Visitor: 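The structure follows.
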Amino acid sequence: MTAGSEAVQDLLPLVFAAPNEALTKAESVLRDRPDPLHASVAHQVIGIWQRDFGDMRLALRHLRRARDWAARAGSADREADVLATLGVALVHSGRTRQGLDALGRGVRRGTGHTRARVLFRRAYSWWVLGHHREALEDVRRAVPVLRQAGDVIWTARALTLRATVHLALGAVERAEADFASAEDLWAVTDQEHDKADAVESRGLAAFRSGDVPAALRLLDEAEERYAKLGTPTFMLSIRRCEVLMAAGLAAEALAEADTAVAELDSIGGQSTRKAELLLAAARAARQADDPATATARAGLAVRLFAGQRRAWWEAHARLVLIGARHAAGKRSGRLVRDAAAVAERLVELGAPAAPEAFLLAGRIALDLGRTADAERHLAVAARSRHNGPPLARMTGWAAQALRARAAGSTRGVLEACRRGLDVLDDHRMTLGASELRARATAQGAELAALAQQAALRSGGARRLLVWSERWRATALSAPQTRPPADPELLSHMTAYREIAARAEEARMEGRPVPALEREQRRLERAIRSRTLHMRGEARGDDTRFDVGRLLERLGDGVRLVELAVVDGRVQVLLCGQSRVRRFEAGSLAAAETEAEHVQAGLRRLAHPGAQARLPVVEAAGRRLEELLLGPAAAHLGDGPVVIVPPGRLHRVPWALLPSLRERVVSVSPSASSWLRARETRPPRGGRQVLVRGPGLATGGAEVTRLADRYRGATVLEHRDATVPRVLTELDGAGLAHIAAHGTFRTDGPLFSALRMADGPLIVHDFERLGRSPYRIILSCCDTARFATVGADELLGLVTALLPLGTAGVVACSAPVNDAAVVPLMLALHEGLAKGLPLPEALRDARSAMPDDALHRATGWAFTAFGAT
């Protein structure tokens, strides 16, 4: 390209359609010693590229040269256009006063169509600074002129900006209308970068309207578009952090924000974006219960925003900073005043976050016993309970619940909590992915705790049971959303199995696997990403938990023990014989510590020669019983017992507790889950499926023996035990037994796996079943391990199976000795052949084992889940 070419003028639109191509061509123009007009355009293009994707210092250098060349060219409109670009860059570099001055001079210098473009860029700068009213005024003046000039690209940009400002002010419907109009205009242009930005903005609109799966899908699409253009995505990271936090993925949001800050620093990028990323990181750290990190990030963000004269943003950063200090245990009248001042400032700015600030001020005032101050602030926050997006309404109901508690109204507390949790339920039903449903419950943790505290104070055991159930295993209460028949998702899962199998083979041979591990992680991200895009297809079960129905099903012989945790203490709710009784046991923290000691002991006992550890493990079991059951242990009767523990106690080997050791025991995530499992009917035909995976120390010896017992059973072993074949046979089976190596992934519980001939069978695979086996026995290590997420939810293999039609599971919560597992499994199946339910068959199988430490520990490690 030569400086005299007409195409030089086309470089400005090209920088937003194909940024890297425009940069190369602009640099070529400058090498040919162009005239002042063309030199101005070339320097402006390079400045825009550096401003948006590179070093701000270089951006300012080129844009000042562009301004000087424009002045020499004697074109007022050219100079006005460059001044607008320079003004935006100065604002992004934190030089707010200089930037607004340049933009003002640009408005005065420009005429007609050019002036409208300058007004748009000043409106954009007002938006960056948080001056939303000024932004709307400038864009209102620009749009008619741009439309009249037939300028499709700049009209679309102006409509997109106006929509974004509307979103910041909470006007979602106005924003969606402007986004729709802009999208129609973008469709007839080749502005690929602007189109990607439009998709990103639509993702933000979807999030503001409460559609988290759509928001994640659109943001991922925008990222793919940016990747093709080779441009950084700092604004996208800020928006994705917001959506991830709403989905309960705070740790991921924090990691994304911190990574983006580091990348921005490495290229000397926009200080405005850095401040916004720091604010996103602070919010994520606060949600992730890391107040120290939240305080550090928010403090730096406050200083940057203040220096940039960005009052809107500074107020939001101060809100996070005060919240982090409160979470760290700080309480003072000054903190109340600071929170109230921020709340009032947010009201002045028209920010939707104002109720959150009033709630924080009220909460701190309550901590200090200042009930009058608390009531004043909470009353304002409570006004948001009837309007706005789900999380804003929950803020209002939380404020209302705190008001009722301060007034001593148990009824008022419970009503506010019920209404708030109903709002969250409606929100969760829009989420298709089981992981998101589980994690979203964290948003209601405070309401659930307030309700349980009120129920406990009122003294009614039944009421406490109802509220314990209201917030227990809620992710399992809704109909499961199956992953879509998505060819790309299926392709990713097939590739994942192949790569994982190759990596495992390489490790066994001692070969390095970094490249394979990188590809495996990439495929995991792709699978998870597409799974999170699923939207909920059905509403939850509107039938509320009925204590009377539970007691009727339990009858006189069965006891259900639900463990509720209120203020860190275990409350034992003993259900049976037509009544519910409450007993107080020990500290949850102490029980968790003891459970970890037990797990360590079981790992030791899985190896021969550890007999001396047996008394230590048994003593830990006695301590666990005292902490978890307390005086309730003496009132369990003689019949079967169903344990409903909180999520944080999922690894307790319940058969080790003395009062449960000789008893029929099963475990369920909730009483409601137990009722559903109890009422689940077996499939017609009741076919059996036996699966033997590779690499077992015993060769999966029990499968061969069981094949003789179950004549006509489908046996999958060796090359036949592939994931597609296993899934086909498991679907709708009456009984399945899988002997395979199990691995639990703490970093990604839905990638926990059973090893098959062609690679891992992961939890995501099980979620594709039309109906999981009525009964399933997993004679593998770690299959009963879970990740605790959200308020009190569990992610793992067993919790994936229960909503899909499985009534009973036997699984293992610890490493076990393969050889000792074989006789236990054979004895278990002997009991099933006699018609016994799974929990009773497992109890009898333990009793039939040799009375040595190895076999006793093996029996304790297995648990029956469900009801039959």
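Because the structure is predicted, anything quoted here is derived from the model rather than measured.
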Visitor: Could you name each residue pair satisfying ring-ring contact (aromatic ring centres under 6.0 Å, His included) that touches residues 720-740, not counting sequence neighbours?
Guide: His737-His829
Visitor: Among all residues two or more places apart in sequence or in another chain, which pass the salt bridge (Lys or Arg N to Asp or Glu O under 4.0 Å) test with Arg553?
Guide: Glu679
Visitor: Please tell me if the side chains of Ile777 and Leu735 come closer than 4.5 Å, counting only heavy atoms from C-beta onward.
Guide: yes
Visitor: When you compare the side chain of Leu554 with that of Cys575, does any pair of heavy atoms fall below 4.5 Å?
Guide: yes
Visitor: Measuring only between side-chain heavy atoms, which start at C-beta, is Arg745 closer than 4.5 Å to Glu524?
Guide: yes
Visitor: With no hydrogens and no angle check, is any side-chain donor or acceptor of Asp758 less than 3.5 Å from a backbone partner on Val723?
Guide: yes
Visitor: Under the ring-ring contact (aromatic ring centres under 6.0 Å, His included) definition, can you give me all pairs with a residue in residues 643-683, not counting sequence neighbours?
Guide: His650-Phe786
Visitor: Minimum heavy-atom separation for Leu523 and Ile499, please, with both atom names.
Guide: CD1-CG1, 4.0 Å
Visitor: What's the shortest heavy-atom distance between Val763 and Pro749, and which atoms?
Guide: CG2-O, 3.8 Å
Visitor: Let me see the working for Ser772 and Thr806 under side-chain contact (heavy atoms from CB on, under 4.5 Å), right down to the final yes or no.
Guide: CA-CA 6 Å; Ser772 55; Thr806 294; 2.6 Å; yes
Visitor: Hey, could you give me the CZ/CG distance between Arg559 and Asp638, rounded to the nearest 0.5 Å?
Guide: 8.5 Å
Visitor: Using side-chain heavy atoms (C-beta onward) and a distance below 4.5 Å, is Phe766 in contact with Leu761?
Guide: yes
Visitor: Under a 4.5 Å cut-off applied to non-hydrogen side-chain atoms, are Leu828 and Met825 in contact?
Guide: yes
Visitor: Flag the pair Leu464 / Val566 as yes when at least one side-chain heavy-atom distance between them is below 4.5 Å, and no otherwise.
Guide: yes
Visitor: Are the side chain of Arg755 and the backbone of Pro760 linked by a donor-acceptor contact shorter than 3.5 Å?
Guide: no
Visitor: My understanding is that only one of Leu832, Ile776, Val664, Val809 makes a side-chain contact (heavy atoms from CB on, under 4.5 Å) with Leu838; could you say which?
Guide: Leu832
Visitor: Looking at Arg507, I want to see if its CZ is surrounded by more than 12 non-hydrogen atoms of other residues, nucleotides or ligands under 6.0 Å.
Guide: yes
Visitor: Are the side chain of Gln571 and the backbone of Arg582 linked by a donor-acceptor contact shorter than 3.5 Å?
Guide: no
Visitor: Applying salt bridge (charged side-chain N to carboxylate O under 4.0 Å, His left out), which residue pairs with at least one partner in residues 848-868 are found, sequence neighbours left out?
Guide: Glu618-Arg856, Asp851-Arg856
Visitor: Applying salt bridge (Lys or Arg N to Asp or Glu O under 4.0 Å), can you list everything that pairs with Glu594, at least two apart in sequence or on another chain?
Guide: Arg623
Visitor: Could you walk me through whether Leu636 and Val561 satisfy the side-chain contact (heavy atoms from CB on, under 4.5 Å) test, starting with their C-alpha distance in whole Å, then the side-chain angles of each, then the deciding distance to 0.1 Å, before giving a yes or no?
Guide: CA-CA 9 Å; Leu636 296 177; Val561 178; 3.8 Å; yes
Visitor: If a pair satisfies salt bridge (charged side-chain N to carboxylate O under 4.0 Å, His left out) and one of its residues is in residues 728-739, list it, with sequence neighbours excluded.
Guide: Arg687-Glu729, Arg725-Glu729
Visitor: So, taking the atom named CG in Leu560 and the one named CG in Leu551, what distance separates them when rounded to the nearest 0.5 Å?
Guide: 9.0 Å
Visitor: Roughly how far, to the nearest 0.5 Å, is CZ of Arg846 from CH2 of Trp860?
Guide: 10.0 Å
Visitor: Is Glu625 salt-bridged to Arg622, cutoff N-O under 4.0 Å?
Guide: no
Visitor: Grab the two heavy atoms, one from Leu769 and one from Leu727, that are nearest each other, plus how far apart they are.
Guide: CD2-O, 3.4 Å
Visitor: As a quick check of understanding, evaluate side-chain contact (heavy atoms from CB on, under 4.5 Å) for Glu767 and His764, giving each step before the final call.
Guide: CA-CA 5 Å; Glu767 289 185 333; His764 284 297; 3.9 Å; yes
Visitor: About how many Å separate OG1 of Thr743 and CG of Leu754, when rounded to the nearest 0.5 Å?
Guide: 7.5 Å
Visitor: Going by salt bridge (Lys or Arg N to Asp or Glu O under 4.0 Å), name the residues that satisfy it together with Asp708, two or more places apart in sequence or in a different chain.
Guide: none
Visitor: For the residue pair Ala585 and Val572, what are the closest heavy atoms and their distance?
Guide: CB-CG2, 3.9 Å
Visitor: Mind listing the closest non-hydrogen atom pair of Leu696 and Ala739 along with its distance?
Guide: CD1-O, 3.5 Å
Visitor: Using distance alone, with no hydrogens and no angle criterion, decide if Thr704 and Arg692 have a side-chain donor and acceptor under 3.5 Å apart.
Guide: yes
Visitor: I would like to know whether Glu830 and Arg709 meet side-chain contact (heavy atoms from CB on, under 4.5 Å); could you show each step before the answer?
Guide: CA-CA 9 Å; Glu830 283 183 19; Arg709 175 183 296 281; 3.2 Å; yes
Visitor: Just how far is it from atom OG of Ser491 to atom CZ of Arg530, taken to the nearest 0.5 Å?
Guide: 10.0 Å
Visitor: Taking His607's backbone N and O only, do any of them form a donor-acceptor pair with Asn817's side chain (distance below 3.5 Å, no angle check)?
Guide: no
Visitor: Ignoring hydrogens and angles, tell me if any N or O in the side chain of Gln611 forms a donor-acceptor pair with the backbone of Ala853 under 3.5 Å.
Guide: yes
Visitor: Ignoring hydrogens and angles, state whether a donor on the side chain of Ser668 or Ser673 is under 3.5 Å from an acceptor on the partner side chain.
Guide: no
Visitor: Can you find a heavy atom in the side chain of Val570 that is under 4.5 Å from one in the side chain of Leu627?
Guide: no
Visitor: Applying ring-ring contact (aromatic ring centres under 6.0 Å, His included), name anything that partners Tyr496, two or more places apart in sequence or on another chain.
Guide: Phe751
Visitor: Within the distance-only criterion (no hydrogens, no angle test), does the side chain of Ser666 pair as donor or acceptor with the backbone N or O of Val642 below 3.5 angstrom?
Guide: no
Visitor: Determine whether Val816 and Leu824 make a side-chain contact, defined as any pair of heavy atoms from C-beta on separated by less than 4.5 Å.
Guide: no
Visitor: I need the Arg768 CZ to Ile762 CD1 distance, nearest 0.5 Å.
Guide: 10.0 Å
Visitor: Tell me whether Glu626 at atom CD has more than 12 heavy atoms from other residues, nucleotides or ligands lying less than 6.0 Å away.
Guide: no
Visitor: Is a donor on one side and an acceptor on the other found under 3.5 Å between the side chain of Thr783 and the backbone of Ser779?
Guide: no
Visitor: For Glu584, which residues count as a salt bridge (Lys or Arg N to Asp or Glu O under 4.0 Å) partner, sequence neighbours excluded?
Guide: Arg569
Visitor: Using the ring-ring contact (aromatic ring centres under 6.0 Å, His included) rule, collect all pairs that involve residues 625-649, keeping only residues at least two apart or in two chains.
Guide: Phe583-His635
Visitor: Between Asp765 and Arg497, is there a salt bridge with N-O shorter than 4.0 Å?
Guide: yes
Visitor: Indicate the atoms forming the closest heavy-atom contact of Ala671 with Glu562, along with that distance.
Guide: CB-OE1, 3.7 Å
Visitor: Side chains of residues 596-605: which donor-acceptor pairs under 3.5 Å do they make with residues two or more places apart or in other chains?
Guide:
{"unit_1": "Gln599", "atom_1": "OE1", "unit_2": "Arg651", "atom_2": "NH2", "d": "3.0"}
{"unit_1": "Gln599", "atom_1": "NE2", "unit_2": "Arg651", "atom_2": "O", "d": "2.6"}

Visitor: Who passes ring-ring contact (aromatic ring centres under 6.0 Å, His included) against Tyr774, sequence neighbours left out?
Guide: none
